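Everything on this sheet refers to the single structure shown next.
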Amino acid sequence: MLSCSLAAGGLDASPTAKTDVAKLLRIQNDVQKLLPQVRPALVAIQTGGGTASGVIISADGLLLTAAHVPGGPGKDMRVILEDGSVTTAKSLGLDKATDAALAQLKKREKPWPFVKLSREVIKAQPGEWCFALGHPGGFDKSRGPVLRVGKIIKQTANSLHTDCVLMGGDSGGPLFNFAGEVIGIHSQIWENRDQNVHVSMAPFLRSWDAMHKSQVIKVWGVGAGGYLGVATVMSDNVELEVADVIEGSPAQKAGVRAGDVILSVNDDAMTDQQQFTATVRSKAAGDTLKLKLRSGGKERELAVKLAQKPQEDSE
């Protein structure tokens, strides 16, 4: 059995902080249970540019990694599995705008080990525990994959920032929630421990068909998802308020008005602008959002079908 190195983030090391030992033991127990389930799907990738990581997400060998790993579609990559055996994969499509990529492992008779994706992108909120797997420095059978436990620090429309410290060779590896689902793919490594950037599942889900057809996405004309057409502010009452509605936008056509307080989207309560932005941008043009609004003390619900109109300064 492979060993697994561990590095922990998400812990307050200040001398005055109180350590909740019971909570940490529960986290340790959860990770110990999940690791044997997810580790077989982790792979090391060798390309002409060096070493990286990836994760298998289907029995027929579909592989997620970062777009900068293959660099383009149709590239052959050497893939090393958990037991040290070697196979090959060919890169399919890439979303260069967000650093998401899809690849296909060579066919074999038995199914590939795989993990599930989280399709509830909005649930990957700051403060949630997570863990990262990868092969920093390349595949090392005696060491095994490296595990880092931490917390989500920030969520944007296309990415997650965590304190799970990333290193060279981690690129393309998976970030998991505590349900054992992939919520991100390692993308950028920064010096500060709270600036580790992972591509969220939003770009993968949004551009899945295009990537499966080996297409390369360089720019998202709709900004980063479906277009609603509102600008928001946090009110003095710390509520999410519509500051402006773009003329001719889906929001205006559906009846959203400036001054409306946005209570929920698709029955998920909205508490800040970041959460609202991520919710809208995780949906594609053509998707319908159910908005619950309050104005003048009265609540109402509207259904808004997102469009494909570029708009840089609104969601």
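What you see below is based on every heavy atom in this structure, not just the backbone, and it leaves out hydrogens, waters and symmetry mates. Note that the coordinates shown come from a computational prediction; the quantities given were computed from them, not determined experimentally.
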Heavy-atom side-chain contact between Leu94 and Pro73 under 4.5 Å: yes
Ile153 side, atom CD1; Cys164 side, atom SG - distance, nearest 0.5 Å: 8.5 Å
Short side-chain donor-acceptor distance under 3.5 Å, His198 and Ser159: no
Heavy-atom donor-acceptor pair, Gln215 side chain to Met211 backbone, under 3.5 Å: no
Donor + acceptor pair across side chains of Asp76, Thr88 (<3.5 Å): no
Lys NZ or Arg CZ of Arg206 over Trp208 ring: under 6.0 Å, within 45°: no
Residues Ser171, His68; criterion side-chain hydrogen bond (donor to acceptor under 3.5 Å, both in side chains); working and verdict: CA-CA 8 Å; Ser171 291; His68 72 267; 3.1 Å; yes
Residue list, salt bridge (charged side-chain N to carboxylate O under 4.0 Å, His left out) with Glu299, at least two apart or on another chain: Lys292
Geometric class of the Phe178/Phe131 ring pair [parallel <30°, tilted 30-60°, perpendicular >60°]: perpendicular
Expected output: side-chain Asn177 to main-chain Gly180 donor-acceptor under 3.5 Å: yes
Side chain to side chain donor-acceptor pair (under 3.5 Å) contacts touching residues 115-126 (sequence neighbours left out): Gln125-Gln155
Taking every non-hydrogen atom, the tightest pair across Gly184 and Val182: O-CG1, 3.5 Å
Heavy-atom side-chain proximity of His135 to Val146 below 4.5 angstrom: no
Residue list, salt bridge (charged side-chain N to carboxylate O under 4.0 Å, His left out) with Asp267, at least two apart or on another chain: Lys290
Separation of His212 NE2 from Leu102 CG (nearest 0.5 Å): 6.0 Å
Reported CZ-to-CD1 distance for the pair Phe114 and Ile56, which is rounded to 0.5 angstrom: 10.5 Å
Residue list, side-chain hydrogen bond (donor to acceptor under 3.5 Å, both in side chains) with Lys154, at least two apart or on another chain: none
Donor-acceptor contact below 3.5 Å, side chain Ser53 vs main chain Gly169: yes
Separation of Arg300 CZ from Ser295 OG (nearest 0.5 Å): 6.0 Å
Heavy-atom side-chain contact between Trp112 and Ser58 under 4.5 Å: no
Donor-acceptor contact present, side-chain Arg108 to main-chain Lys106, <3.5 Å: no
Least distance between heavy atoms, Asp99 atom then Val199 atom: O-CG2, 3.5 Å
Verdict with reasoning, His186 to Asp170, per side-chain hydrogen bond (donor to acceptor under 3.5 Å, both in side chains): CA-CA 7 Å; His186 312 327; Asp170 276 321; 5.0 Å; no
Side chain proximity check, Thr232 to Phe276, heavy atoms < 4.5 angstrom: yes
Within one Ile-Leu-Val-Met-Phe-Trp-Tyr cluster: Leu263 and Leu302, side-chain cutoff 4.5 Å: no
Nearest atoms (heavy-atom pairs only) where Pro203 meets Thr98: CB-OG1, 3.3 Å
Ile45 side chain near Leu63 side chain, heavy-atom distance below 4.5 Å: yes
Pro70 backbone acceptor or donor facing Thr47 side chain under 3.5 Å: no
Hydrophobic cluster (4.5 angstrom, side-chain heavy atoms) - remaining members for Ile152: Leu160, Leu175, Ile183
Donor-acceptor under 3.5 Å (Asn196 side chain, Leu166 main chain): yes
Residues that Glu239 engages under salt bridge (charged side-chain N to carboxylate O under 4.0 Å, His left out), provided they are two or more places apart: Arg294
Exam field: side chain Ser207 to backbone Ala210, donor-acceptor pair closer than 3.5 Å: no
Derivation of the salt bridge (Lys or Arg N to Asp or Glu O under 4.0 Å) call for Arg39 and Glu82: CA-CA 7 Å; Arg39 192 170 65 180; Glu82 182 187 34; 2.7 Å; yes
